[in-house]
Amino acid sequence: AVAGFTSGTQVETLTAAAPARLVYLTAAQTVAAGACSPATLTVQSQDIYGNAANVTAATAVNLSSTSATTLFSAASGCATTTTSVTMAAGTNTASFYFRDNVAGLPSVTATAVGLTPAAQVQTVTAAVATALAFVTGAQAVTAGACSSVATVRVRDTFGNTATVAA
């Protein structure tokens with residue numbers, strides 16, 4: 001303390017600034033083709049400083065993917081699909097599930113009017129192997145002659161190249 005002054009304390013209340021962006025709170029997920037994500041993906045509205053910032057009115061969070069076959073759901077199991085979820089007034093999070101039938105790395109984007117979008121790459125792996133498929137075309141071979149190499153691949157129910165355990 002400075003000579004002649006007594007020290008004092010004061011309680012300060014800090015509030016977030018207005019929402020400016022969406023960010024993912026949850027880590028990216030790895031899901032087998034055709035399966036619903038086992039956990040929700042959750043996005044949060046934040047101010048420009050990274051603080052959670054509540055929306056003042058119900059806010060639609062639109063969902064999209066770089067994969068044309070990604071489906072979104074507000075419910076576990078993905079029985080019903082949607083293209084958006086709602087962040088309720090006075091809150092700062094919205095959650096959803098996803099499902100895709102094509103193996104790959106789809107980037108899932110959440111957008112809301114007036115907020116910078118959030119994108120996150122998910123991993124979709126092939127489902128369990130269910131079939132063999134010829135990769136090479138049909139051949140016409142004379143009796144007694146050897147054919148060219150015929151190549152087959154293991155596929156899952158959705159046509160993705162799958163692996164087989166040894």
Side-chain angles (χ1 to χ4, degrees), residues 16-137 149-166:
R21 64 183 177 201
L22 293 174
V23 297
Y24 277 92
L25 291 182
T26 48
Q29 296 187 30
T30 298
V31 179
C36 187
S37 57
T40 59
L41 292 176
T42 300
V43 292
Q44 181 181 59
S45 56
Q46 294 184 350
D47 65 17
I48 61 171
Y49 306 105
N51 299 305
N54 292 345
V55 294
T56 57
T59 303
V61 177
N62 299 305
L63 307 170
S64 63
S65 172
T66 55
S67 170
T69 55
T70 302
L71 298 174
F72 301 101
S73 181
S76 64
C78 297
T80 58
T81 61
T82 187
T83 56
S84 67
V85 290
T86 301
M87 196 174 293
T91 68
N92 56 50
T93 61
S95 298
F96 59 95
Y97 297 85
F98 77 97
R99 177 181 75 215
D100 203 322
N101 293 339
V102 177
L105 299 169
S107 180
V108 173
T109 301
T111 60
V113 174
L115 302 178
T116 302
Q120 187 179 66
V121 176
Q122 310 301 325
T123 301
V124 179
T125 60
V128 174
T130 58
L132 292 174
F134 282 96
V135 176
T136 51
V149 173
T151 304
V152 294
R153 287 223 171 100
V154 179
R155 304 262 188 214
D156 68 9
T157 302
F158 307 102
N160 298 301
T161 300
T163 58
V164 177

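Panel note: side chain Q120, backbone T26; a donor-acceptor pair is recorded below 3.5 Å. A donor-acceptor pair under 3.5 Å is absent between the side-chain atoms of T66 and the main chain of P106, judged by distance alone. Looking at D47, its side chain does come within 3.5 Å of a backbone N or O of A17 through a donor-acceptor pair. Using a distance-only test at 3.5 Å, with no hydrogens or angles considered, no donor-acceptor pair links the side chain of T93 to the main chain of Q44. Using modelled atom types, no side-chain atom of T40 and backbone atom of F96 make a donor-acceptor pair closer than 3.5 Å. For S65 (side chain) and T70 (main-chain N/O), no donor-acceptor pair under 3.5 Å exists by modelled atom type. In this structure, the side chain of T82 does not engage the main chain of T80 through any donor-acceptor pair within 3.5 Å. Without hydrogens or angle criteria, Q29 side chain to A39 main chain gives a donor-acceptor distance under 3.5 Å. Side-chain atoms of N160 come within 3.5 Å of backbone atoms of A103 as a donor-acceptor pair (strictly under, hydrogens ignored).
Of all the heavy atoms in A162 and A126, the pair that sits closest is CA-CB, 3.9 Å. Closest approach of T109 and P117 over heavy atoms only: CG2-CB, 4.0 Å. V154 and A129 get closest at one heavy-atom pair: CG1-CB, 3.1 Å. Listed here is the closest heavy atom pair of S37 and V31: CA-CG2, 3.8 Å. Heavy-atom minimum distance, S95 versus T42: OG-OG1, 2.7 Å. Taking all atoms of both residues into account, the shortest heavy-atom contact from A32 to V124 is C-CG1, 4.3 Å.
Side-chain contact between N92 and P19: absent, with no pair of heavy atoms (C-beta onward) separated by less than 4.5 Å. Within the 4.5 Å cutoff, the side chain of R153 has no heavy atoms near those of the L132 side chain. A heavy-atom distance below 4.5 Å is not found between the side chains of L63 and F98.
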- Message: Would D100 and T69 count as a side-chain hydrogen bond (donor to acceptor under 3.5 Å, both in side chains) here? Give the steps.
- Response: CA-CA 6 Å; D100 203 322; T69 55; 2.4 Å; yes
- Query: How far apart are the C-alpha atoms of R21 and S45, what are their side-chain angles, what is the distance that settles it, and do they pass the side chain to side chain contact (heavy atoms under 4.5 Å, CB included) test?
  - Reply: CA-CA 6 Å; R21 64 183 177 201; S45 56; over 6 Å; no
- Message: Run T125 and T30 through side chain to side chain contact (heavy atoms under 4.5 Å, CB included) and show every step you take.
- Response: CA-CA 7 Å; T125 60; T30 298; 3.9 Å; yes
- Message: Please determine whether side chain to side chain contact (heavy atoms under 4.5 Å, CB included) holds for the pair Y24 and L41, giving the CA-CA distance in whole Å, both sets of side-chain angles, and the decisive distance to 0.1 Å.
- Response: CA-CA 7 Å; Y24 277 92; L41 292 176; 4.1 Å; yes
- Message: Working note: L22 + V61, criterion side chain to side chain contact (heavy atoms under 4.5 Å, CB included); need CA distance, chi angles, decisive distance, verdict.
- Response: CA-CA 9 Å; L22 293 174; V61 177; 4.2 Å; yes
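A distance of 8.5 Å separates SG of C78 from OH of Y97, quoted to the nearest 0.5 Å.
Looking only at atom types and distance, the side chain of T161 has a donor-acceptor partner in the side chain of R155 under 3.5 Å away.
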